[in-house]
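These notes concern the structure reproduced below.
Protein chains get the first letters and strands the later ones, always in sequence-line order, with residue 1 at the start of each.
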Number of protein chains: 2
Amino acid sequence: MSWPPFDSPCLTPATESPGPLGPCLHCQIRHLAVCGVLTPAEVQAMDTVASLQVLEAGAVLARQGEQRRYVYTVVQGALRLVRLSADGRRQVSGFAMPGDFVGLSGAATYPHDIEALAHTELCRIGLDAMQRLGVQFPHLQGKLLERACTELDTAHDRMMSLARMNPTERMADFLLRLAAQQERAGTPGPSISLPMPRADIADHLGLTVETVSRCLTALRTRGLIALPSTYRIEILDLAGLKALEAA
Amino acid sequence: MSWPPFDSPCLTPATESPGPLGPCLHCQIRHLAVCGVLTPAEVQAMDTVASLQVLEAGAVLARQGEQRRYVYTVVQGALRLVRLSADGRRQVSGFAMPGDFVGLSGAATYPHDIEALAHTELCRIGLDAMQRLGVQFPHLQGKLLERACTELDTAHDRMMSLARMNPTERMADFLLRLAAQQERAGTPGPSISLPMPRADIADHLGLTVETVSRCLTALRTRGLIALPSTYRIEILDLAGLKALEAA
DNA sequence: CGCTATCTTGACGCGAGTCAATAGTGGTGG
DNA sequence: CCACCACTATTGACTCGCGTCAAGATAGCG
């Protein structure tokens, strides 16, 4: 469904707390997360079932095929969602950034490994508890549906990208997506961060590490981007990049 | 969310009516559709806002970029969902078969053209009406969420396929998916139907028509399938195909 | 300061796209 | 009913972009 965004009944952006995570009420990223639609009173209900989980870089949160017991909201840091086929081919389904909800799946088991790209803090909720919350707060379920629909849209974008764009175009698309995402999350700025290694970008875009590297240097040579460091990128010619992506 | 399937409160499979579509209560494919979760009484509410729409083969239901006013459930026939990029590259996002819900999107405009592959009958509901129904019947919204989650899962499967599998593997995957789908829909049988032309298969799998043709003949030569007619395929070696797809 | 993992760059080959010709199929009208 | 025509599918020959393999350059870390 279209599900034009529900108005968040809680308009205070939850920035009053200094700490990274108190109880949910003071959560720094609630406005980015699905729980943003809950009233302060409703947030309390969520508080009783949510718990904070901290991961170090490289830590594995879940393995493909394991029983799904929890869903997560990323509070800080970043995750990668990785599929491995029987013969070892690797596909990075996506990256989860602060505010992202991890667990929109219809399967009983995890469809991918979930790994931390850096020090990461998560809000964890039992799957059953989350389902009960969905029944209790229909507008929360509505928000989840809205998220799922948005993710479906971007999934279709990515299919177009994987099926019909060449490596350079895919890189441009990826970088612009990342930039837009960091802008939304309140981290604008000329230079954007690439929290993942080249291999993850490659497996996300259906390329090889070598090709990713070559594409980045190509974009740099053409003056579209700068690479101040390995994990940081600067967009010099936004219009030029967009022209590539749209193709 | 996982959303293990809600139990349909309406267990009568709605096969009592002879006609292809009376009012919703007698709908032949209700058990396949999202409205399968509604009680007979609730179905009446849906009846008042739903209307039957018939398309001839090749008819265009909607164009990419148009305002989204309706959502649809396919009753009979088949649709294709097509994206065209600015420079004419084509991607078939998916095919909608009987029971499928068309309209799980977060965008205000259609993200793709919607075209009939054959004579097709649809159940049409206004977007606003559908949203009201979702609020009125939370279990309907739950079912939509479940659908969206399942579609997300298959979208991720398809990304893996597009990014990491070779043409033959993609064909095998596609054929198996189609076979499974027709089995679910109650059309089993050794021979399955390909309601779409080769060009659509190609644009669905990120290939060219020529490559699709070559892959099909390759699979036939290897004794995995037979091609009794252009729009019909028979799976001769299920295990062999699965071995390819899993790779 | 050196070790290791990651990233970059280069040389080469292959698989899928492109272009082109042939075969099949369905639909229409004589 | 058959002949013709347009469209789609198949097959073949060739090209080229991206993957593969291999060698250096960087960078992060102890």
Side-chain angles (χ1 to χ4, degrees), chain A residues 56-58 80 85 87-92 115 117-119 161-172 174-175 193-222 225-233 244 247, chain B residues 56-58 80 87-92 115 117-119 161-175 193-222 225-233 244 247:
Chain A
E56 289 320 305
R80 70 169 163 238
S85 75
D87 61 348
R89 279 178 277 189
R90 188 168 178 268
Q91 161 76 3
V92 173
E115 298 162 348
L117 284 167
H119 174 94
S161 170
L162 290 171
R164 291 299 182 210
M165 301 183 113
N166 67 35
T168 314
E169 293 167 342
R170 288 185 222 174
M171 266 311 305
F174 174 69
L175 293 177
S193 111
L194 297 175
M196 68 293 287
R198 300 287 188 266
D200 288 348
I201 301 179
D203 289 336
H204 187 56
L205 302 180
L207 305 170
T208 60
V209 186
E210 294 92 328
T211 303
V212 165
S213 190
R214 279 189 256 266
C215 287
L216 283 175
T217 49
L219 291 175
R220 184 166 48 79
T221 307
R222 291 162 69 172
I225 63 170
L227 296 162
S229 87
T230 306
Y231 292 100
R232 199 143 268 284
I233 199 172
L244 263 184
Chain B
E56 289 320 305
R80 69 168 165 241
D87 61 347
R89 279 177 278 188
R90 187 169 179 267
Q91 162 76 2
V92 173
E115 298 161 348
L117 283 166
H119 173 93
S161 170
L162 289 171
R164 291 300 183 209
M165 301 183 113
N166 68 33
T168 313
E169 293 166 342
R170 288 185 222 174
M171 265 312 306
D173 185 57
F174 175 70
L175 293 178
S193 111
L194 298 175
M196 69 294 287
R198 299 287 188 268
D200 288 349
I201 300 178
D203 289 336
H204 187 57
L205 302 180
L207 304 171
T208 60
V209 187
E210 293 92 328
T211 304
V212 166
S213 193
R214 280 188 256 266
C215 288
L216 284 174
T217 49
L219 292 176
R220 184 165 49 79
T221 308
R222 291 162 69 173
I225 62 170
L227 296 161
S229 87
T230 305
Y231 291 100
R232 200 143 267 284
I233 201 173
L244 263 183

Minimum-distance nucleotide (side-chain atoms of [X] versus [options]):
X	options	result
A/Thr211	D/dG19, D/dT10, D/dA13	D/dG19
A/Thr217	D/dG19, D/dA9, C/dT8	C/dT8
B/Arg198	C/dC7, C/dG17, D/dA9	D/dA9
A/Glu210	C/dT9, D/dT11, C/dT6	C/dT9
A/Tyr231	C/dT6, D/dA9, C/dT8	C/dT6

Might you confirm whether atom CZ of B/Arg222 has over 12 heavy atoms from other residues, nucleotides or ligands at distances under 6.0 Å?
no
Rounded distance [0.5 Å steps], CG in A/Asn166 versus CG in A/Leu244
8.0 Å
Atom pair CD1/CG of B/Ile201 and B/Leu194 - distance to nearest 0.5 Å:
5.0 Å
Tell me the interatomic distance from [X], atom [atom1], to [N], atom [atom2], rounded to whole angstroms.
X	N	atom1	atom2	answer
A/Ile201	C/dT6	CD1	P	14 Å
B/Leu205	C/dG17	CG	P	11 Å
B/Leu207	D/dA9	CG	P	14 Å
A/Leu227	D/dT26	CG	P	14 Å
A/Asp203	D/dG19	CG	P	11 Å
B/Leu194	D/dT10	CG	P	10 Å
B/Met165	D/dG19	CE	P	17 Å
B/Asn166	C/dG17	CG	P	11 Å

Which residue lies more 5' along DNA chain D, comparing A/Thr230 with A/Arg170 via nearest heavy atoms:
A/Arg170
With a 4.5 Å limit on heavy-atom distance, are the side chains of A/Asp200 and A/Arg90 in contact?
yes
Report which part of the nucleic acid A/Ser213 touches: base, sugar-phosphate, or nothing (heavy-atom distance under 4.0 Å, all strands).
base
What nucleic acid atoms does A/Leu216 come within less than 4.0 Å of, heavy atoms only: base, sugar-phosphate, or nothing?
nothing
For A/Thr211 and A/Met171, what are the C-alpha separation, side-chain angles and deciding distance, and is it a side-chain contact (heavy atoms from CB on, under 4.5 Å)?
CA-CA 10 Å; A/Thr211 303; A/Met171 266 311 305; over 6 Å; no
Record whether the side chain of A/Arg214 comes under 3.5 Å of the base of C/dG10 through a donor-acceptor pair of N or O atoms.
yes
